[in-house]
Q: 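This is the structure, below, for whatever I ask next.
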Amino acid sequence: MTRGDPSNLQRPAAEKQPTVTSANIRSRRQRLVRRAAFFSVAVIAGALLLTWQWINHDPAPAVLTVATGPAGSDAHTLMRETAEVIERHSETLRLDVVTSRDASQNIALLNAKRIDAAVIRADTPVFTDIRGIAHLYPDLFHLIVRDDVSAYSIHDLDRISVSIPDFDTANFRSFWVVGDHYDLPIGDLDWTAEPFVDGAGRLLRGDVDALFAVRSMRDRQLIRMFEDAQLTGLKLRYIPIRQADAIAVKRPFLAPAAVPMGGLTGALPVPTSRTPTLSVARVLVTRSDVDAAAVRELTRILFEHRMDLTIRFALASAITAPDTTRGLSVPLHEGAEAFFNRDEPSFVQENAEPLALLVMIMTGLISGMLALRSRFVANQKNRADVYNYQLLDIQERAAKAADRAELSTLKDELNAVLHTVVRALDTDEVTDEGFQSFSLLWEAVRETINDRAAAIGSDTDQPVPARKTG
């Protein structure tokens with residue numbers, strides 16, 4: 001072969017071409033693999049980062065819409081102050097306080113799912129999915145007359161003019177609850193249904209003789225009416241509802257109460273003595289499907305920050321947990337119940353002693369079972385050791401055997417040991433591991449017999465014991 005031969009010049013090039021191509025292919029594959037790996041790592045890292053951000057981000061606070069009643073009412077004022085306290089003390093809840101006409105409209109809005117919670121009277125008809133949160137405060141029945149009017153009992157109402165709450169309101173119906181109990185002649189009563197502000201103004205001007213209202217003791221409009229009366233020198237007084245206990249028997253949602261002496265004014269006390277009357281609770285309710293965590297947080301603020309609320313609005317001091325074991329009330333919402341039961345012992349705490357005894361018994365049983373198992377395994381191992389010692393004895397005797405007859409006897413003993421171990425394996429007297437070690441030793445002993453037989457001119461063959469299956 002010469003340097004000038006064209007075939008010799010082309011062959012190296014032909015041989016080199018596949019090598020370069022393979023290297024390029026491998027290089028491209030490696031780059032693709034690196035890119036794919038880098039892309040996969042980037043995707044996984046991005047997913048982990050997004051997951052971490054999602055877990056640790058601050059969720060937007062839940063918003064509960066609460067209907068209260070007319071603007072300026074006690075319920076509206078209390079819930080508005082509650083909303084401000086919640087904004088200061090909670091990161092997970094906000095209240096949207098809206099006004100409404102009365103408790104009946106609040107229930108209608110709840111049932112239509114246009115609001116999440118509402119303040120209602122305890123005697124407001126509700127549906128089955130309404131749940132309670134808290135009792136807020138009591139509204140008292142106020143029957144107030146001008147001091148110059150000759151009316152001192154409920155029976156005198158048929159001789160005077162009375163301003164009563166608006167038509168189709170719970171307060172309007174409350175007046176007729178009292179009238180029905182005292183059997184007042186409805187046709188002979190001179191009454192006018194109108195808003196409280198209008199009735200208070202007409203009472204101060206002398207256009208009506210008396211005014212009936214259902215309001216709290218700290219109602220601002222009620223207090224303002226007495227303040228205006230003092231400024232004008234007008235004296236007002238209360239007519240007692242002396243049969244309040246009897247009315248409460250017939251109307252379980254109502255409760256007997258009393259207006260304390262000087263509850264409205266102190267200089268010239270009104271009333272002049274403790275005056276019996278009726279009360280009806282204002283309660284905060286919600287629907288059963290409203291988020292339990294949000295309701296629990298609302299309940300927590302109402303009770304854990306009641307001092308802050310009371311400083312802002314004195315009626316907040318009357319907030320109490322509903323007593324579901326007494327009287328008539330709607331069931332508690334699970335969120336409110338979770339807050340009220342926060343200090344109650346759990347099932348484990350309540351049953352600590354019997355559970356501890358049960359754990360001790362179970363521990364003893366398990367310990368006993370483990371001890372029995374350990375003893376059983378030890379017995380299995382001891383039996384396997386006995387069979388192995390028998391094999392070693394046969395091996396020693398085989399190594400010293402001088403004739404075929406002795407080797408034949410040793411083979412019979414070897415087979416007998418094998419049969420015994422197989423039966424022991426079937427009855428779980430020997431473990432699989434023990435049989436494995438026995439099998440290896442048995443094979444070594446068989447080879448020893450065969451080697452010894454060959455050495456003295458005897459050929460012996462014995463099948464290897466098969467490991468039991470199943």
Q: Hey, could you give me the CG/CG distance between Leu143 and Leu157, rounded to the nearest 0.5 Å?
A: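 So the CG of Leu143 and the CG of Leu157 are separated by 5.5 Å.
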Q: As an exercise, state the distance from CD1 of Ile86 to CZ of Arg300, rounded to the nearest 0.5 Å.
A: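 It is 9.0 Å, given to the nearest 0.5 Å.
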Q: Which pair of heavy atoms, one from Ile247 and one from Leu278, lies closest together, and at what distance?
A: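 Shortest heavy-atom contact: CG2-CD1, 3.6 Å.
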Q: Between Asp228 and Arg224, does any NZ, NE, NH1 or NH2 come within less than 4.0 Å of an OD or OE carboxylate oxygen?
A: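 A salt bridge is absent here (no side-chain N lies under 4.0 Å from a carboxylate O).
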Q: Return the CG to CG distance between Asp219 and Asp74, rounded to the nearest 0.5 Å.
A: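 Here the rounded value is 4.5 Å.
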Q: What distance do Glu84 atom CD and Thr82 atom OG1 have between them, rounded to the nearest 0.5 Å?
A: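 Answer for the CD-OG1 pair, Glu84 versus Thr82, is 9.5 Å.
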Q: Just say parallel, tilted or perpendicular for the rings of Phe226 and Tyr238, cut-offs at 30° and 60°.
A: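 The rings of Phe226 and Tyr238 lie parallel, inter-plane angle below 30°.
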Q: Is it possible for you to check whether Arg242 lies under 6.0 Å from the centre of the six-membered ring of Tyr182, through NZ or CZ, and within 45° of that ring's axis?
A: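 The answer is no; the distance or angle limit is not met.
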Q: Drop me the distance from Met369's CE to Met362's CE, to the nearest 0.5 angstrom.
A: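 If we round to the nearest 0.5 Å, Met369:CE and Met362:CE are 8.5 Å apart.
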Q: If a pair satisfies salt bridge (charged side-chain N to carboxylate O under 4.0 Å, His left out) and one of its residues is in residues 123-141, list it, with sequence neighbours excluded.
A: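 Non-adjacent pairs meeting salt bridge (charged side-chain N to carboxylate O under 4.0 Å, His left out): Arg121-Asp123, Asp139-Arg282.
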Q: Salt-bridged, Arg101 to Asp166, with N to O below 4.0 Å?
A: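 Salt bridge absent between Arg101 and Asp166.
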Q: Could you pull out the closest heavy-atom pair between Val145 and Ala151, with the gap in Å?
A: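 Of all heavy-atom pairs spanning Val145 and Ala151, the closest is CG2-O, 4.1 Å.
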Q: Classify the angle between the aromatic ring planes of Phe212 and Phe175 as parallel (below 30°), tilted (30 to 60°) or perpendicular (above 60°).
A: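 The arrangement is perpendicular - the two ring planes meet at more than 60°.
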Q: Hey, could you give me the CD/OG distance between Gln221 and Ser73, rounded to the nearest 0.5 Å?
A: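 Between atom CD of Gln221 and atom OG of Ser73 there are 8.5 Å.
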